[in-house]
Every structure is written in C-alpha cells, then in structure tokens.
Number of protein chains: 2
Amino acid sequence: MGKQMTEMLKGTLEGLVLAILAARSAYGYEITARLREQGFTDIAEGTVYAVLVRFEQKGLVDVEKVPSEKGPPRKVYSLNPAGQQYLDEFWRTWSFLSERLGQLHEGGR
Amino acid sequence: MGKQMTEMLKGTLEGLVLAILAARSAYGYEITARLREQGFTDIAEGTVYAVLVRFEQKGLVDVEKVPSEKGPPRKVYSLNPAGQQYLDEFWRTWSFLSERLGQLHEGGR
DNA sequence: ACCACTATTCAGTGTTACTATCTACCGGTA
DNA sequence: TACCGGTAGATAGTAACACTGAATAGTGGT
C-alpha cells in the first residue's frame with residue numbers, strides 16, 4: 001500500500017490488533033486474515049507475529065495453546081486487564097491525534 | 001505525552017507538518033510553536049527540523065532564506081506541487097486508516 | 001560582559017514494520 | 001511412498017522515523 005502506510009502503521013498496528021483481540025480471542029494466522037479482509041492487504045504475516053510476541057512480553061495478553069485440526073497447534077491470545085488498559089490509552093492517544101488531523105484536513109479546503 | 005504518541009507520530013508527523021505548510025509558508029521554529037499551541041507539547045524541536053530536512057531532500061518544498069529581526073536568519077519552507085501531491089496521498093492513506101480504526105472503536109462498545 | 005530569546009544543526013539511541021526465509025503439521029493425490 | 005498446498009508460527013537483518021541532548025549562532029536589553 002505504499003511507504004506512507006508502512007510508517008503510519010507504526011504505532012497504530014498495535015492498537016489495531018488489540019482492538020481485534022478486544023472483540024474476541026484469536027490466533028495469529030486468524031488475525032492476519034481478518035486484517036486482510038478489512039483492506040490491509042499488504043501487512044506481512046511476520047509482522048503480526050512480532051506484534052503478538054511484544055504483547056506477550058509486555059504482559060498485555062494471556063496465551064493458550066490449542067491443537068488444530070488442520071496444521072500445527074494454534075496460540076490463542078486473549079486480552080487481559082492490562083491489555084484493556086493499554087487499549088484504552090491507545091484510544092485516547094488516537095482520538096487526540098485524529099481530532100487534530102481532522103481539523104487540519106477540513107481547514108485545508 | 002507517552003510512548004504511544006511517539007510511535008503514532010511516525011508517519012503522521014510528516015503529514016501534520018505538510019498540512020501546516022499547505023495553509024501557508026513557515027519556518028522551523030514557527031512550525032514547532034504552532035504544533036505546541038495545538039497541544040503537541042512534547043514534540044522535540046530537533047524532530048521538526050529533521051522532518052524539514054527530509055522534505056527538502058525529497059524535493060517536496062521550496063526553501064528561502066529570510067533575515068530575521070530577532071536572531072539568526074530563518075529558512076522559510078513552502079509546499080511545491082510535488083509536496084502537494086505527497087500531501088494528497090497522505091490524506092488518502094490517513095482517511096483509510098482513520099475509517100478502519102473508527103469502525104473498530106465504535107464496534108468495541 | 002552577560003543573559004534571554006530566537007533559530008538551526010547533528011550524533012547517537014530505541015522502537016517499529018518489512019523482507020525473506022525457515023520450521024512444522026496435516027490431508028490429499030500420483 | 002513421495003510430494004504438494006494450505007495452515008501455523010518463528011527469526012535474522014534492514015530501513016525509516018521520532019527522541020535525547022547538546023552544540024552553534026545571531027539579536028537586543030540590562
């Protein structure tokens with residue numbers, strides 16, 4: 001999708017994935033697929049896994065290994081209270097930025 | 001403002017500054033001051049200058065040195081057609097992301 | 001002579017997403 | 001058996017970006 005999207009995803013991809021997990025627990029492959037469905041066709045698989053590893057290291061998610069009928073076992077991630085708090089903070093930050101940019105976008109025409 | 005804002009600014013700070021320049025030409029110190037007025041109190045001065053250098057290297061702006069009554073000469077930056085095009089692309093990218101995140105934010109409550 | 005304000009530059013650091021590749025498990029087919 | 005496509009995850013190396021912290025420099029006022 002271009003270099004601008006790549007840079008813009010830094011800082012928002014985390015929130016994107018957290019928001020998906022907030023709706024319901026999921027595993028990496030599934031999250032990638034859902035992002036692709038929503039139009040983020042260029043997000044690399046490896047990138048999503050890296051995000052999930054970071055979440056685990058920061059203690060924002062709980063992990064459970066679940067055997068799969070097709071393929072190797074899945075690592076199912078679910079948001080814990082710390083993750084929910086982190087997500088709340090993300091929304092506050094994003095709202096602030098979104099508001100300012102929205103004003104600039106309107107004012108510029 | 002926190003680490004989340006720092007990361008979220010990657011990719012959006014460029015657009016922020018471009019949008020400011022689209023409204024009218026400006027120099028670095030002035031841009032920093034305007035950002036601070038708008039609530040971006042934690043954006044480092046050095047960061048803004050780095051953005052402007054990148055713009056110059058990419059050929060998105062025209063530069064003019066103007067003597068100042070107070071202090072050293074100013075480098076006044078103005079958006080050129082390439083910069084305007086880059087800004088248009090930024091808005092398209094941001095709109096896409098903003099729409100998706102907006103949906104997730106609404107759906108999550 | 002000193003200080004506060006204005007104005008720009010730069011080296012070094014940490015975080016992040018991408019690329020590319022590798023491992024591994026399963027079912028179906030030749 | 002041997003192979004392949006789809007599912008699932010891990011990892012080393014790279015590029016881009018914002019921040020920290022400091023340095024440099026010009027002007028006016030005390």
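Atom set for the values below is all heavy atoms of this structure, side chains included, hydrogens, waters and symmetry mates excluded. So that the names make sense, note that chain A is the first sequence line, chain B the second, and so on, each numbered from 1.
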*Quick one: do B/Arg74 and B/Glu64 satisfy side chain to side chain contact (heavy atoms under 4.5 Å, CB included)? Show the steps, please.*
CA-CA 8 Å; B/Arg74 299 164 174 168; B/Glu64 198 190 353; over 6 Å; no

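Following rounding to the nearest Å, B/Glu7 (CD) and C/dA17 (P) show an atom-to-atom distance of 8 Å. Computed from coordinates, the B/Glu45 CD to D/dC19 C1' distance equals 13 Å when rounded to whole Å. When rounded to the nearest whole Å, the span between OH of A/Tyr27 and C1' of C/dA24 equals 16 Å. In this structure, the NZ atom of B/Lys3 is 14 Å from the C1' atom of D/dA18, given to the nearest Å. Between the CD atom of A/Glu14 and the P atom of C/dG14 there is a distance of 18 Å, given to the nearest Å. Nucleotide C/dC26 holds its P atom 16 Å from the OH atom of A/Tyr29, rounded to whole Å. Between A/Phe55 atom CZ and C/dT15 atom P the separation is 15 Å, expressed in whole Å.
Judged by distance alone with a 3.5 Å cut-off, a donor-acceptor contact links the side chain of A/Lys10 to the base of D/dA16.
The number of heavy atoms from other shown groups lying within 6.0 Å of CD (B/Gln85) does not exceed 12.
Side-chain nitrogen and oxygen atoms of B/Ser68 include none within less than 4.0 Å of the OP1 or OP2 phosphate oxygen of C/dT6.
If you check every strand for non-hydrogen atoms under 4.0 Å, A/Gly46 touches a base. Note on B/Thr6: only backbone sugar-phosphate atoms sit closer than 4.0 angstrom, heavy atoms only; bases stay farther off.
At a threshold of 4.0 Å, the pair A/Glu37-A/Arg34 does not count as salt-bridged, since none of the basic side-chain nitrogens sits closer than that to a carboxylate oxygen. Between A/Glu89 and B/Lys3 there is no salt bridge, since no side-chain N of the basic residue sits under 4.0 Å from a carboxylate O of the acidic one.
Using the six-membered ring where Trp is involved, B/Trp91 and A/His105 have ring planes that are parallel, under 30° apart on the 30 and 60° scheme.
Taking OG1 of A/Thr12 as the reference point, atom CE of B/Met8 lies at 7.0 Å (rounded to 0.5 Å).
Note on the helix from C/dA1-D/dT30 to C/dA30-D/dT1: angle between the axes of the first and last five pairs equals 20°, rounded to 10 degrees.
Listed nucleotides C/dT8, C/dC18, D/dG9 differ in distance to A/Leu9; the shortest reach to its side chain belongs to C/dC18.
Map B/Arg54 and A/Arg74 each onto its nearest nucleotide of DNA chain D; the residue landing nearer the 5' end is A/Arg74.
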